[in-house]
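To start, the structure itself, in structure tokens.
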Amino acid sequence: MTLTLLTWNVNSVRLRVPLLAPLVDAARPDVIALQETKVADGGFPLATFAELGYGHAALNQGARGHGGVAILSRLPIAHVERPTWCDRADGRHVYATLPDGIEVHSLYVPSGGEESDPAANPRFAHKLRFLADVATWFAARKRPRNRFVLMGDLNVAPLESDVWSHRQLLKVVSHTPAEVKALASLQRAHDWIDAVRYFVPADEWLYSWWSYRAADWAASDKGRRLDHVWVTPPLRRRLRAAAVLKDVRGWEPASDHVPVTVTLDA
DNA sequence: ATGGTGGATGCTCCA
């Protein structure tokens, strides 16, 4: 028995409905975490997910037309929470507990705008504060036996091999030293294990996002690994597989992010 | 140095 978890920034869940059945066929996830659903809770395509076998849902809609996160599950979920961060109810976090006690999180970190100076760019300041506040919260909840999975668009590519050019992206929001440091603090806050890099060595390039602005995303291959699955130490020995579903970037109509999966021994 | 695309909304913001 295994438990497969999938995270995907869908960039509008309604537009991605035609891709859901083929994705489920390809990845067979038990739990799906979505970000950037861009839909009010009343408009969420719950029936589509139910038909595919995901009859359990936890939603946190975003501001009108933006943000929004969700968890869809084959298994019952309980204890659903929808934290707000930085005093903004903008639908960036939802979490719930599976029947075996694993707590799964779907998190959408602010992208941070263009300018990489927090004094000049309030969006970047918000991103850094968001990461720091989430880190403080997880540190306060830390218990040695916690079995947590944190999935989502963390909007930071931490390793040199997580971007197409470390040197050229040092001042580009998503790979600046300030963000990488903030993400590292979040990772330390609960001793999170990067479940994808657990299987893919740090000297191998790995991306989960390719800009819409490239004429040919596959040919230029200027990607970044912004989407992550982390687990707490009690789940380490249950890690069985991880995958970044790069092909999905070519499925039309495409999101600019691809799904990432991690499989645990159950 | 610049502009490039896409999504939701409604004549612009966000990523």
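The sequence lines fix the lettering, A, B, ..., with proteins before strands; numbering per chain opens at 1. The figures that follow rest on heavy atoms only: side chains count, while hydrogens, waters and symmetry mates do not.
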Given A:L154, A:V262, A:V149, the one that forms side chain to side chain contact (heavy atoms under 4.5 Å, CB included) with A:W230: A:L154
Annotated protein contacts, base or backbone, on nucleotides 8-15 of chain B with a non-hydrogen cut-off under 4.0 Å, one of B, S, - each: SSS--BSB
Span that lies between the [atom1] atom of [M] and that of [N], in whole angstrom:
| N | M | atom1 | result |
| --- | --- | --- | --- |
| B:dT5 | B:dT9 | P | 22 Å |
| B:dC14 | B:dG10 | C1' | 15 Å |
| B:dA15 | B:dG4 | C1' | 14 Å |

Check ion pair A:D191-A:R236 (N to O, under 4.0 angstrom): no
For the student: nearest non-hydrogen atoms of A:A57 and A:L46, plus distance: CB-CD2, 3.5 Å
Distance, rounded to the nearest Å, where A:W209 contributes CH2 and B:dT5 contributes P: 14 Å
Atom pair distance, as rounded to whole Å: CD in A:E252 and P in B:dT5: 14 Å
Atom pairs and distances, donor-acceptor, side-chain atoms in residues 177-187 of chain A, under 3.5 Å, two or more places apart:
| residue | atom | partner | partner atom | Å |
| --- | --- | --- | --- | --- |
| A:E179 | OE1 | A:K127 | NZ | 2.6 |
| A:E179 | OE1 | A:S174 | N | 2.7 |
| A:E179 | OE2 | A:S174 | N | 3.0 |
| A:E179 | OE2 | A:T176 | N | 3.1 |
| A:E179 | OE2 | A:T176 | OG1 | 2.5 |
| A:S185 | OG | A:K181 | O | 3.2 |
| A:S185 | OG | A:R188 | NH2 | 3.2 |
| A:Q187 | NE2 | A:W192 | O | 3.3 |

Parallel, tilted or perpendicular: ring planes of A:F148 versus A:H190, cut at 30 and 60 degrees: tilted
Proximity to DNA chain B (any heavy atom under 4.0 Å), residues of residues 218-229 of chain A only: none
Qualifying residue for side chain to side chain donor-acceptor pair (under 3.5 Å) with A:D162, from A:H228, A:R224, A:R197: A:R197
Derivation of the side chain to side chain contact (heavy atoms under 4.5 Å, CB included) call for A:F199 and A:L239: CA-CA 9 Å; A:F199 294 100; A:L239 287 169; 3.8 Å; yes
Donor-acceptor pair between A:S106 and A:Q35 side chains, under 3.5 angstrom: yes
